[in-house]
Amino acid sequence: MNNTNHQEEYQVRPRNVVLYGESGAGKSSLINLIMNGNVARTSPDAVACTTTHAPYDVTIGEQGFRLWDTAGLNEGSEGVVPTATAKKNLTAFLRGLDQADGVHLLIYCVRGARAVGALLTNYKIFSSVIGDSKVPIVIVVTCLEDFRPEMEEWWKRNNRKLSELGMHFSGYACVTTLKDDLTESPDVLQRRAQSYQDVCELILKKCSQTPHKKWGADINDQRSFFDVLMKKINHILRTS
Ligand SMILES: Nc1nc2c(ncn2[C@@H]2O[C@H](COP(=O)(O)OP(=O)(O)OP(=O)(O)O)[C@@H](O)[C@H]2O)c(=O)[nH]1
Ligand SMILES: [Mg+2]
């Protein structure tokens, strides 16, 4: 296949957008917001709702994206998806993407009410590896329907602290995904509509045009992303 064909193939194939974050952060709800429907199952339960990764194809601004819902990493040994299993599933999944189309964008999904310091563990697990590559990471903050004076204020109040803690993002969106059947408040409905716009714009603006497959490209021995990820996860587990 020549270069022109390669480029055409990339243009028609949806770009991979991987959502990650702790259980209950609102990953599946965010996918439902973007898909404008109830395609991904969500749950208010403390135990994990999404137990494995799943793809959702969507067109935004005439461009194709494949949103990947993933299982939360922090279920503990008692949950539906024990931590070790979730990690195994996740690494197998990333390894699969690594060998196929690669990853174009990572979305770190967090709840607005969560203390900023508590966001570090999951961030580290992913970004200590991904940070070596050029795949963009953005943050989407959920559950901000009551945040005053406006949702955006979350970022203004917290971005410095995130940065001080070593969490760096290429972009952000402050949202609510609260379903319209759960609220009649015009303000919340307006915030939800704004959230849809902001998240779509974020994906369009920040999603890489080309896939990132060579994770840690500046690592001399060119170890695979999978090997590096496993090493980092083990290190984080040992030191936390
Ligand atoms: N009020 C409010 N609730 C939300 C919002 N986003 C998610 N939720 C609720 O939070 C709960 C968890 O949301 P999910 O989308 O299932 O979270 P998840 O990250 O997919 O969780 P796992 O699949 O367990 O990893 C559900 O009850 C959602 O309805 C939001 O923006 N506002
Ligand atoms: Mg889910």
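Just follow the structure's listing: the first ligand is 1, and inside any ligand the first atom is 1.
Contact annotation: the side chain of Cys109 approaches that of Thr142 to within less than 4.5 Å [non-hydrogen atoms, C-beta and beyond].
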Listed pairs under 3.5 Å, donor-acceptor, residues 156-167 side chains, sequence neighbours left out:
unit_1: Lys156; atom_1: NZ; unit_2: Glu150; atom_2: OE2; d: 3.3
unit_1: Arg157; atom_1: NH2; unit_2: Arg148; atom_2: O; d: 3.1
unit_1: Asn158; atom_1: ND2; unit_2: Trp154; atom_2: O; d: 2.9
unit_1: Asn159; atom_1: ND2; unit_2: Trp155; atom_2: O; d: 3.1

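Using a 4.5 Å cut-off between side-chain heavy atoms of Ile, Leu, Val, Met, Phe, Trp and Tyr, Val199 falls into a hydrophobic cluster with Val17, Leu19, Leu30, Ile31, Leu33, Ile34, Met35, Val39, Tyr56, Val58, Ile60, Phe65, Leu67, Leu105, Ile107, Val138, Val140, Val175, Tyr196, Leu202, Ile203, Leu204.
In terms of heavy atoms, Asp57 sits closest to Arg66 at OD1-NE, 2.6 Å. The shortest heavy-atom contact between Glu145 and Leu178 is CG-CD2, 4.1 Å.
Using a heavy-atom distance under 4.0 Å as the criterion, the protein contacts of ligand 1 are Glu22, Ser23, Gly24, Ala25, Gly26, Lys27, Ser28, Ser29, Thr42, Ser43, Pro44, Ala48, Cys49, Thr50, Gly72, Arg111, Cys143, Glu145, Thr176, Thr177, Leu178.
A continuous path of Ile, Leu, Val, Met, Phe, Trp and Tyr side chains, each step under 4.5 Å between heavy atoms, connects Tyr172 with Val116, placing both in one hydrophobic cluster. Transitive grouping of hydrophobic side chains (ILVMFWY, heavy atoms separated by less than 4.5 Å) brings Ile137 and Leu120 into a common cluster.
The Mg ion (ligand 2) has Ser28 OG, Thr50 OG1 as its protein N, O or S neighbours under 2.8 Å.
Annotation: Tyr123 is in aromatic contact with Phe169 [ring centroid separation under 6.0 Å].
Shown here is Gln190, whose CD atom has more than 12 heavy atoms of other residues, nucleotides or ligands within 6.0 Å.
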